[in-house]
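Report on the structure given below.
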Amino acid sequence: MNHKDFVATLSGKCGMSVKDTEKYISDLLSVMENTLTSDKSISISGFGVMEVRKKMERVSVNPSSGQRMLIPPKLVLNYKPSALLKDKVK
Amino acid sequence: MDNKLNLSQLTDLFCEKSGMSRNAAAVFVKSFFETIIERVSEGEQVKVKGFGTFKQSVISDRESINVNTGERIVIPGHAKITFTPDQSLKDIINKPFENFETIVMDAPSTATAESIAVSADVPQNNVAEEPVTTEESQVAVAEEAEQPEMTQEPAVEETVNAEAQCESVANDTVQPEKQQDTAVAEQTEKDVPKNKVSFGRVVAKTAMWILGIALTALVLSYIIWPVSLLHLFRLEADRLTADDNASVAVQVDTVAIVRNESVISTISSKPEKKVDEPTQAKDGKQQDKIVEKTGKQDNNPGTEQAQAVKQDITSKKNQEASEPKENAGSPAAEKVAKPATEPVGSGDFRLTAADEAKDLSLFTVADTTSYRMSGTMTVHTLANGETLTRVALKYYGTKKMWPYIAAYNHISNVNSVHAGQRLTIPVLTDK
């Protein structure tokens with residue numbers, strides 16, 4: 001389901017126009033981003049947990065050239081599905 | 001990571017942001033996530049722009065072992081839900097680390113020209129392909145970074161459980177940033193420094209290798225050379241000792257043979273002697289380290305002497321059947337021997353004072369005691385470097401008894417026993 005379909009589905013559910021839902025989606029996303037960047041995690045029951053995790057820097061090797069490089073540390077968004085959801089999928 | 005947001009809190013925030021009524025907001029947010037859940041559960045991939053992609057991934061069966069029983073079991077495959085955030089979202093989240101780039105390493109400590117050169121190749125959002133634009137973007141980013149940082153200071157400080165951890169990695173973070181700066185300056189020169197540095201490094205490495213090998217060779221040579229010399233000496237010594245035995249042996253041997261009935265008649269049966277040789281015999285007895293030739297010569301004169309000795313001693317002891325054999329071999333020699341050996345001491349087996357000073361007690365076997373070989377004690381296999389004297393020492397407690405072993409085993413040339421040769425060791429009983 002691509003973005004267009006998703007928006008369509010959501011607008012149907014909420015009874016809003018596609019344009020509005022688009023806007024509200026971006027609003028929701030920005031709220032989520034704010035919380036995530038301010039070091040908070042989002043936990044929604046039945047859905048899962050969204051949190052920011054730090055990846056330590058590491059040395060990796062380019063297998064063909066054999067060149068070693070240092071990959072810098074970074075922050076990544078981590079999603080962990082809730083148990084309910086996992087069971088549904090199994 | 002001090003706080004978890006739940007759905008209601010999220011809804012509140014959303015409500016504020018969007019200006020929707022609370023109820024509508026709640027509905028919206030709820031259906032947002034529910035749609036995702038529904039579609040993903042059905043196996044459909046859900047893609048939300050600015051957010052990311054939710055989809056199911058299949059995990060295949062795998063073989064494993066039951067930890068308790070140790071028998072093989074199959075863990076069945078299943079599906080799991082994965083989420084990959086959009087690039088824009090990734091960047092937003094990684095903002096604190098956005099200036100970091102991967103560094104190419106040659107050696108653990110270096111992170112200079114090379115790293116810069118390669119980092120230019122690593123695709124990053126900030127790094128454009130042309131140096132100029134890169135520069136600009138870097139500056140632009142830096143400026144932007146400053147502004148949001150100022151507004152978000154308190155937030156940033158919190159965010160900085162991330163950054164606190166960054167600081168623990170402080171040195172490394174400083175480095176990449178520094179390199180970032182220098183990268184800007186030096187990107188135009190990227191090829192040249194890279195080549196120079198790596199070549200120099202290669203040269204240094206090979207130089208070190210050569211040095212290491214040279215040193216090792218030197219040290220080893222100091223150890224091996226003397227050891228090998230020692231070994232050679234030892235060989236010499238063995239050989240010479242053997243010769244000693246030979247020169248002695250011949251004489252004593254002959255005696256033993258006679259007394260004990262065993263047939264080593266070959267030793268005594270080489271007596272094409274000249275009269276001169278007895279004197280040589282004496283020299284031979286005297287212990288020259290001069291090797292095999294003399295040894296062999298000794299054989300003959302020794303025989304003569306032995307003959308003389310034999311006359312003496314065997315007259316006191318048993319005269320055995322081998323005597324006739326001996327005689328058969330060298331009747332002439334015998335007759336020659338007698339007068340020839342007289343000057344040496346009329347068959348007296350004793351040595352000169354000079355010789356006696358040396359440990360030649362082997363000579364006196366026949367004099368002092370006599371034994372009878374009355375059966376086999378055991379079988380001995382000669383080890384490398386073992387001589388008959390050593391074997392005798394081992395079994396009889398004295399080297400003097402080696403002739404008995406030689407006789408019992410019918411060893412014709414006591415010099416050339418070899419490793420692995422089996423000797424039957426006789427039991428010696430007093431007469």
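Order of the sequence lines fixes the chain letters, A, B, ..., with proteins taken first and strands second; residue numbering starts at 1 for each chain.
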Do you know which of B:K80, B:E44, B:H78 has the most heavy-atom pairs with chain A at a distance under 4.5 angstrom? B:E44
Do B:E38 and A:K13 sit within salt-bridge range, that is, some charged N less than 4.0 Å from a carboxylate O? yes
Which portion of A:V59 sits near chain B, non-hydrogen atoms under 4.5 angstrom: side chain
One pair to check against side-chain contact (heavy atoms from CB on, under 4.5 Å): B:S31 and A:L10. What are the steps and the verdict? CA-CA 7 Å; B:S31 35; A:L10 196 54; 3.8 Å; yes
Ignoring hydrogens, what is the shortest heavy-atom contact between A:H3 and B:K49? Give both atom names and the distance. ND1-N, 2.8 Å
Which donor-acceptor pairs under 3.5 Å do side chains of residues 69-83 of chain A form with protein atoms, sequence neighbours excluded?
unit_1	atom_1	unit_2	atom_2	d
A:Y79	OH	A:F47	O	2.9

Answer key: most heavy-atom pairs under 4.5 Å with chain A among B:V46, B:T35, B:L13 is B:T35
Okay, A:I25 and chain B: the region with an atom under 4.5 Å from a heavy atom over there is both
Start with the C-alpha distance between A:L36 and B:I93, add both sets of side-chain angles, then the distance that settles side-chain contact (heavy atoms from CB on, under 4.5 Å), and finish with yes or no. CA-CA 7 Å; A:L36 289 169; B:I93 289 184; 4.3 Å; yes
Stepwise, does the side-chain contact (heavy atoms from CB on, under 4.5 Å) test hold for A:M32 with B:F14? CA-CA 9 Å; A:M32 286 172 74; B:F14 170 68; over 6 Å; no
Any idea which heavy atoms bring A:V89 and B:S41 closest together, and the distance? CG2-CA, 4.3 Å
Apply side-chain contact (heavy atoms from CB on, under 4.5 Å) to residues A:T9 and B:R39 and explain how you reach the verdict. CA-CA 11 Å; A:T9 320; B:R39 288 306 150 100; 4.1 Å; yes
Euclidean distance, A:L28 CG relative to B:L10 CG, rounded to 0.5 Å: 5.5 Å
For A:K23, I'd like to know if atom NZ has over 12 heavy atoms of other residues, nucleotides or ligands within 6.0 Å. yes
Given a strict heavy-atom distance threshold of 4.5 Å, which part of B:E34 is in contact with chain A: side chain, backbone, both, or neither? both
Pairs touching residues 11-31 of chain A that satisfy ring-ring contact (aromatic ring centres under 6.0 Å, His included), sequence neighbours left out: A:Y24-B:F28
Heavy atoms only, distances under 4.5 angstrom: which of B:I36, B:I37, B:V27 has the most pairs with chain A? Name it, please. B:I37
Answer with side chain, backbone, both or neither: which region of A:I42 has an atom nearer than 4.5 Å to a non-hydrogen atom of chain B? both
So that I know where these two stand, are A:F6 and B:F51 an aromatic pair - ring centroids less than 6.0 Å apart? no
